[in-house]
Peer 1: 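Below are the structure tokens for one structure; questions will follow.
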Amino acid sequence: NISLASHIGDYQFDNLLLNAAGVRCSTTDELNKTLDSMAGGCVTKSATPEERAGNESPRMKALPLGSINSMGLPNHGIDYYLKFAEENQGKNGKQVILSIAGLSIDQNIEMLKKVQDSSFSGLTELNLSCPNVKGKSQVGYDFDAVRDVLTSTFKFFKKPLGLKLPPYFDFNQFNGIAEVLNDFPITYINVINSIGNGLVVDPETESVVIKPKGGFGGLGGDYVKPTALANVRALRQRLNPEISIIGTGGIKSGMDVFEHVLCGANLVQIGTAFGYEGTPIFERISKELKEIMDKKGYKTLDDFRGKLKTI
Ligand SMILES: O=C1NC(=O)NC(C(=O)O)N1
């Protein structure tokens, strides 16, 4: 009778595991497959106002220690995902999180107005951290810009809002972003997005492995777990308790989930590993996590959430 249930605000998840935006979530077929799995819900590919082809291929490479990608936000446009979200949110007790990633503040406001005026009753995840749109930097690194978009948003947006943030690497950055976030009625933050603009080299061919941006792309997988855990922990320590945290980054086992929850995560999202394994990963990781909890004598996630010890 070990439970993997969790909640974000008024939203109940029977299982804390979700896919990460961007991975196997661009079509309704992919999204339905995740909803029909052990996952507690699904997240849509980050949407832009119009359909978008994204960057030139090859634009993603799977590696022994993770992945590198420069997709460039290929997606079917907000209307496609908003329709899916309206029709599927709450079915069989599953949550549909609608991810949006405008290429400007105006595009984000335009899409959020559409969501506000829609019949969608679920969680919206505003992605402020895509590192792969040429010429665009990650909004999450510009604290004034984050404050501006949130100020404009909360003038009209009354539905629950989460933010997908980039990884931060310095205590002044943890303090800086927390100062902004604590000023707004944000339902949750999701840390981390990929570690932007990494470079993977193939020494055999003496070449980069993806085409866009001369081979620079966002890193995921084993490469990013310590950074992901640090961001979950640092923001948990700094944010108002009403702001929940989704932990994303480097999860491929029940133990990785345990570590994210120990650092304070309310839910977790799986990207790179879900990309390899598909929906069976949700069953495998649920089983592994229950075994770990059983061995340690925990019955619920609350028994150990945020209880990481220092020495
Ligand atoms: O936010 C994003 N993070 C990534 O790592 N890649 C995608 C993308 O490039 O579409 N977007």
Side-chain angles (χ1 to χ4, degrees), residues 18-27 30-31 42-63 65-78 80-81 97-105 107-108 111 124-142 145-146 149 162-168 177 188-200 208-225 227-228 231 246-251 269-276:
L18 296 169
N19 68 291
V23 183
R24 294 181 186 244
C25 59
S26 294
T27 67
E30 290 177 318
L31 289 161
C42 70
V43 188
T44 67
K45 169 66 188 174
S46 293
T48 49
E50 303 302 328
E51 179 144 37
R52 198 177 145 83
N55 291 337
E56 65 279 21
S57 295
R59 58 192 187 182
M60 188 277 185
K61 178 88 173 161
L63 301 151
L65 295 177
S67 63
I68 184 169
N69 91 85
S70 182
M71 306 303 285
L73 291 173
N75 75 95
H76 291 297
I78 177 101
Y80 177 95
Y81 300 105
I97 300 181
L98 175 68
S99 175
I100 62 173
L103 305 186
S104 67
I105 290 195
Q107 284 192 7
N108 281 322
M111 290 192 283
T124 299
E125 186 168 290
L126 176 58
N127 180 354
L128 296 177
S129 44
C130 178
N132 301 322
V133 176
K134 296 169 190 167
K136 296 280 177 188
S137 62
Q138 292 145 278
V139 176
Y141 288 137
D142 178 344
V146 174
V149 73
L163 300 179
K164 181 72 172 282
L165 296 171
Y168 300 101
I177 190 62
Y188 74 91
I189 61 154
N190 179 349
V191 286
I192 61 173
N193 205 318
S194 55
I195 295 181
N197 297 300
L199 186 65
V200 171
V208 300
V209 299
I210 56 173
K211 186 168 181 183
K213 293 175 58 176
F216 287 75
L219 301 177
D222 295 3
Y223 295 121
V224 311
K225 190 172 87 171
T227 297
N231 277 264
I246 296 183
T248 303
I251 293 174
Q269 290 182 359
I270 308 173
T272 298
F274 173 50
Y276 300 160

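Atoms within a ligand are numbered from 1 in the order they appear, just like the ligands themselves.
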Peer 1: Evaluating non-hydrogen atoms only, which member of Gly218, Ala101, Ser194 is closest to atom 5 (O) of ligand 1?
Peer 2: Ser194
Peer 1: Record the part of Pro131 in heavy-atom contact with ligand 1 below 4.0 Å; permitted values are side chain, backbone, both and neither.
Peer 2: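 The answer is the side chain of Pro131.
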Peer 1: With a 4.0 Å heavy-atom cut-off (strictly under), which part of Leu73 contacts ligand 1: side chain, backbone, both or neither?
Peer 2: both
Peer 1: Apply the test side chain to side chain contact (heavy atoms under 4.5 Å, CB included) to residues Asn75 and Thr48: give CA-CA distance (whole Å), side-chain angles for both, the deciding distance (0.1 Å), then the verdict.
Peer 2: CA-CA 7 Å; Asn75 75 95; Thr48 49; 2.8 Å; yes
Peer 1: Which atoms of ligand 1 sit under 4.0 Å from any heavy atom of Asn132?
Peer 2: 4 (C), 5 (O), 6 (N), 7 (C), 8 (C), 9 (O)
Peer 1: With a cutoff of 4.0 Å, is Lys164 in contact with ligand 1, counting heavy atoms of the residue only?
Peer 2: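 For ligand 1, residue contact (heavy atoms, under 4.0 Å) with Lys164 is absent.
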Peer 1: Would Gly220 count as a contact residue for ligand 1, given that I'm defining contact as a non-hydrogen atom of the residue lying under 4.0 Å from a ligand atom?
Peer 2: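 No; Gly220 lies far enough from ligand 1 that no heavy-atom distance drops under 4.0 Å.
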Peer 1: Can you give me the closest heavy-atom contact between Tyr81 and Lys45, atom names plus distance?
Peer 2: OH-CB, 3.9 Å
Peer 1: Could you tell me whether Asn55 approaches ligand 1 through its side chain, its backbone, both or neither, with non-hydrogen atoms closer than 4.0 Å?
Peer 2: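 Asn55 to ligand 1: no contact under 4.0 Å from either part.
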Peer 1: So do the side chains of Tyr223 and Ile195 get within less than 4.5 Å of each other, counting heavy atoms only?
Peer 2: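 No, their side chains stay 4.5 Å or more apart.
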Peer 1: Under 4.5 Å between any side-chain heavy atoms of Cys42 and Cys25, yes or no?
Peer 2: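 No, every pair of side-chain atoms sits at 4.5 Å or beyond.
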Peer 1: Could you report the tightest heavy-atom contact between Lys225 and Gly250, atom names first, then the distance?
Peer 2: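 So the minimum-distance heavy-atom pair works out to CD-O, 3.5 Å.
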Peer 1: Can you name the atoms of ligand 1, numbered from 1 with element, that are less than 4.0 Å from a heavy atom of Met71?
Peer 2: 8 (C), 9 (O), 10 (O)
Peer 1: Looking only at protein heavy atoms, which one is nearest to atom 6 (N) of ligand 1, and how far off is it?
Peer 2: Asn69 OD1, 3.0 Å
Peer 1: Provide, to 0.1 Å, the distance between atom 11 (N) of ligand 1 and the closest protein heavy atom, together with that atom's residue and name.
Peer 2: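 Protein heavy atom with the smallest distance to atom 11 (N) of ligand 1: Cys130 SG, 3.3 Å.
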Peer 1: Report yes or no: does a heavy atom of Gly72 sit under 4.0 Å from some atom of ligand 1?
Peer 2: yes
Peer 1: Got a sec: does the CD of Glu51 have more than 12 other heavy atoms crowding it under 6.0 Å?
Peer 2: yes
Peer 1: Mark yes when over 12 heavy atoms from residues, nucleotides or ligands other than Phe216 sit less than 6.0 Å from its CZ; otherwise mark no.
Peer 2: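 No, the 6.0 Å shell around CZ holds no more than 12 heavy atoms from other groups.
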Peer 1: Which of the numbered atoms in ligand 1 are under 4.0 angstrom from any heavy atom belonging to Asn193?
Peer 2: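 Near Asn193, meaning under 4.0 Å from one of its heavy atoms, ligand 1 has 1 (O), 2 (C), 3 (N), 4 (C), 5 (O).
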Peer 1: Compare Lys45, Arg52, Arg59, Gln138 and give the one whose heavy atom is closest to atom 7 (C) of ligand 1.
Peer 2: Lys45
